[in-house]
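Every chain is numbered from 1, with letters handed out A, B, ... down the list of sequences.
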Amino acid sequence: MTETHSNAYASVVGALTASEAQDFERHLIECSACAEEVMDARAIASALSTTVAVNPPARLRGSVLASIAHTPQEQIATVTALPRSETVAADRSSRRNRATSLLAAAAVVAAVGFGGWAVQLGQDASDSQQAADVALSQRAKLASLLTAADVQTAKLASLLTAADVQTAKLASLLTAADVQTVSGRFISSDDSGAVVMSEERQMAVLVATGLPKLPEGKVYEAWTVKGDPAPAGIFTSDDSDAVVELSDAAFDADSIAVTIEPAGGSPKPTGDAVFDVSLPPA
Amino acid sequence: MSVSAPISVHELAPLMAAASHGDEQAYAQLYDATSRNVFGIVLHVLRDHSQAEEVTQEVYVEAWRLAKRFDSTQGSVSAWLNTMAHRRAVDRVRSAERRTQREHRHFEFQSDNVAADPAELVVATDEGRRVRRALAQLPEGQRTAVELAYFQGKTQREVAEHLQVPLGTVKTRIRDAMQRLRKQLGEAAS
Ligand SMILES: [Zn+2]
């Protein structure tokens with residue numbers, strides 16, 4: 001077994017360092033054998049916790065329930081390719097919530113589905129903090145527009161300097177009176193993405209940070225979803241961050257999704273979504 | 001004590017589904033059914049009562065927030081929660097260790113704050129007993145490797161140093177241990 005494969009069991013008992021764990025998460029996207037092993041072994045690791053069960057103090061229950069009462073739940077819209085006739089009857093929100101996966105392309109589903117488990121890893125924003133401090137001072141105004149979003153502003157702000165979309169163009173988007181930012185999370189990693197759009201400027205971009213590196217011959221493809229998903233742009237994860245200009249269809253889409261596709265992109269998604277975010281009704 | 005009628009693991013998935021649509025009552029039931037294990041593992045790794053409460057709270061709030069991501073084809077609700085809890089606890093222990101190393105201070109993990117040895121508080125359950133028996137049947141090297149990693153939050157490299165064996169040996173021991181446990185505990189493992 002190779003170095004990375006051999007980390008499957010160690011990952012389940014939490015014995016990987018942060019960077020090993022990150023490499024392994026990436027590996028899981030492309031290795032269904034590991035994904036399966038991990039899924040099985042996780043049940044065993046979880047059973048180990050029964051040997052140390054301790055009743056929590058009673059006050060914790062009240063405190064948890066009080067917190068959740070004002071914690072909004074993340075809405076995940078899975079890319080849905082239902083026939084038109086079926087979606088017409090359903091209202092906008094129930095259609096969005098329908099957890100229909102696109103294709104049961106087993107390997108991708110296993111890996112990506114698994115990835116959902118990785119998401120809750122403690123998030124440490126401090127690594128990008130320094131870069132962000134610089135970016136923030138230079139671009140205080142832009143950054144302040146982003147504070148509305150619950151995407152890590154720091155990360156986004158630092159991205160603005162690295163973005164390969166022209167910064168001037170982005171700046172004009174971010175300062176538009178009707179700019180809207182909708183944030184979401186990548187399912188296969190612990191990172192954030194956001195869709196920033198302005199109808200006035202006729203521009204919509206997808207901003208993503210910390211993208212897992214893709215296997216050779218694969219690309220990320222963005223989709224605008226309204227009934228059937230339509231291709232909205234292709235991008236890679238060369239420097240782990242991406243700013244992708246989306247097609248105009250974003251303006252009346254119900255959601256924006258990202259899948260992993262063969263190089264060159266696909267006319268229809270062939271994998272389950274690794275990211276998606278519902279857009280507010282126009 | 002809030003543990004009312006026991007809820008079997010099979011009833012957890014529907015509770016989770018209801019919770020993912022905002023049903024707070026279902027979530028309360030879910031908490032009652034799962035919090036001993038979540039709190040237990042967090043306390044065991046952190047060995048600090050107030051930090052364990054904090055982390056347990058974080059886990060349940062995060063699981064509520066991300067409830068829609070729970071996918072029953074990928075494992076049980078308890079595995080989902082326990083995995084999340086274990087990771088957070090391990091993360092916290094490690095960052096506390098890093099901090100302490102940076103400060104060049106002698107490291108004793110919050111020892112004043114430990115009310116009692118968590119082992120004394122452990123609630124014996126049937127499943128716990130069964131898993132403990134299975135653990136006890138592992139060859140010692142395997143058991144120690146799993147205990148150092150899972151219950152003490154050590155990385156595989158630290159385990160190797162601690163046991164003075166090569167890293168590859170640790171990997172193999174952990175893998176063999178987990179595979180043996182799987183065989184012994186069979187499908188009933190949650
Ligand atoms: Zn592998």
Report the residue from B:V146, B:I174, B:T172 that forms a side-chain contact (heavy atoms from CB on, under 4.5 Å) with A:Y9. B:I174
B:F39 ring center near B:H49 ring center (under 6.0 Å): yes
Largest heavy-atom contact set with chain B, pairs under 4.5 Å, which of A:S63, A:A10, A:S67: A:S63
At a heavy-atom distance under 4.5 Å, which candidate from B:L181, B:T73, B:V38 has the highest pair count against chain A? B:L181
Is the B:H86 ring parallel, tilted or perpendicular to the B:Y150 ring (thresholds 30°, 60°)? parallel
B:L148, part contacting chain A, at a heavy-atom distance under 4.5 Å: neither
Quick one: which of A:V64, A:I68, A:L16, A:T71 has the most heavy-atom pairs under 4.5 Å with chain B, could you say? A:I68
Measuring heavy-atom distances to chain A, does B:R94 have an atom under 4.5 Å in its side chain, in its backbone, in both, or in neither? side chain
With A:T224, which of A:D254, A:L279, A:I256 fulfils side-chain contact (heavy atoms from CB on, under 4.5 Å)? A:I256
Please check: side-chain N/O of A:E221 versus main-chain N/O of A:V258, any donor-acceptor pairing under 3.5 Å? no
Hey, which of B:T125, B:I41, B:V123, B:T56 has the most heavy atom pairs under 4.5 Å with chain A? B:V123
Residue among A:A41, A:P72, A:P57 with most heavy-atom pairs under 4.5 Å to chain B: A:P57
Which portion of A:A8 sits near chain B, non-hydrogen atoms under 4.5 angstrom: neither
Is the shortest side-chain heavy-atom distance between A:R61 and B:Y60 below 4.5 Å? no
Residues B:E147 and B:Q152: side-chain donor-acceptor under 3.5 angstrom: no
Given heavy-atom pairs under 4.5 angstrom as the criterion, report whether the side chain, backbone, both or neither of B:A177 touches chain A. neither
